[in-house]
Amino acid sequence: QVQLVESGGGLVQAGGSLRLSCAASGSIFSINAMGWYRQAPGKQRQLVTTITSRGSTNYADSVKGRFTISRDNAKNTVYLQMNVLKPEDTAVYYCNANGIHRTRGDWVPFDSWGQGTQVTVSS
C-alpha cells in the first residue's frame, strides 16, 4: 500500500505564502502524476495542480501565477509553493499520486490520497 503524508499547512494572512510537502512511501516502482486538490467547506474537492514524472504541469485558472508545483522524483515527494494567498484559498489541501507499486508479490497500479492539511488564509 502506498501512503502519502502531507505537511506545511497552517494559518497565514492574505498576501502571505505557504509551502506544502507530500511524501509517498511504500513498495513503489514508479509514480506517474502527482498533484494537489483542495476542498473548501460545503464545496466539492477540486483540482489545484498536477505534475507528471517528466515535469509537465497543469494549474487551475484560479491559482495560475501564484502557485508552483514541483517534485523530487528521487524522494517521491511533491511540493506546492503558494504565494499571494487569498482568503478564497482557504481549504483542506489533499495530495494525490498514481503509479505502480508492489502488493502481494505483483506490480499493480495505485492511486492514493493523503490525509489532507488545512490551509487558512485570513483577510
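Predicted model, so just to flag it, every value in this text is computed and none were measured.
A salt bridge between D61 and K64 is present, with a side-chain N of the basic residue lying under 4.0 Å from a carboxylate O of the acidic one.
Listed by first and then second residue, the ring pair (Phe, Tyr, Trp, His ring centres under 6.0 Å) pairs that reach into residues 6-52 are F29-W107, Y37-W113, sequence neighbours excluded. Applying the side chain to side chain donor-acceptor pair (under 3.5 Å) rule to pairs touching residues 40-54 yields R38-Q46, sequence neighbours excluded.
Between the CG atom of L4 and the SG atom of C22 there is a distance of 4.5 Å, given to the nearest 0.5 Å. For the atom pair CZ of F67 and OG1 of T57, the computed distance is 14.5 Å after rounding to the nearest 0.5 Å. Here the CG-CZ distance, from D89 to R66, works out to 4.0 Å after rounding to the nearest 0.5 Å. Taking CZ of R19 as the reference point, atom CG of N83 lies at 11.0 Å (rounded to 0.5 Å). We find the OG-CG distance between S30 and N98 to be 9.0 Å, quoted to the nearest 0.5 Å. Remark: D111 CG to N96 CG distance equals 5.0 Å, nearest 0.5 Å.
Heavy-atom minimum distance, S70 versus V78: O-CG2, 3.2 Å. Nearest heavy atom pair, residue S123 against residue A14, reads CA-CB, 4.4 Å.
In the hydrophobic cluster analysis, where Ile, Leu, Val, Met, Phe, Trp and Tyr join through side-chain heavy atoms closer than 4.5 angstrom, Y94 is grouped apart from V2. Both I51 and I28 belong to a single network of hydrophobic side chains, linked directly or stepwise wherever heavy atoms of I, L, V, M, F, W or Y lie under 4.5 Å apart.
Qualifying ring pair (Phe, Tyr, Trp, His ring centres under 6.0 Å) partners for F110, counting only residues two or more places apart in sequence or in other chains: H101. Remark: T120 engages Q118 in a side chain to side chain donor-acceptor pair (under 3.5 Å) (not counting sequence neighbours). Partners of Y79 according to the ring pair (Phe, Tyr, Trp, His ring centres under 6.0 Å) rule, which considers only residues two or more places apart in sequence or in another chain, do not exist here. Evaluation of the salt bridge (Lys or Arg N to Asp or Glu O under 4.0 Å) rule for D106 yields no partner, not counting sequence neighbours.
At least one side-chain heavy atom of I31 sits less than 4.5 Å from a side-chain heavy atom of R71. Residues T117 and V92 form no side-chain contact, since every pair of their non-hydrogen atoms from C-beta on lies 4.5 Å or further apart. Looking at heavy atoms from C-beta onward, L80 lies out of side-chain contact with T68 at the 4.5 angstrom threshold. Residues V121 and L11 fail the side-chain proximity criterion, which asks for heavy atoms closer than 4.5 Å. Proximity of M82 to V119: side-chain heavy atoms (C-beta onward) are separated by under 4.5 Å at one or more points. You'll find the side chain of Q81 reaches within 4.5 Å of the side chain of S17, heavy atoms only.
Counted within 6.0 Å of CD on Q3, heavy atoms from surrounding residues, nucleotides or ligands total 12 or fewer; the atom is thus considered open.
Using a distance-only test at 3.5 Å, with no hydrogens or angles considered, a donor-acceptor pair links the side chain of T77 to the main chain of K75.
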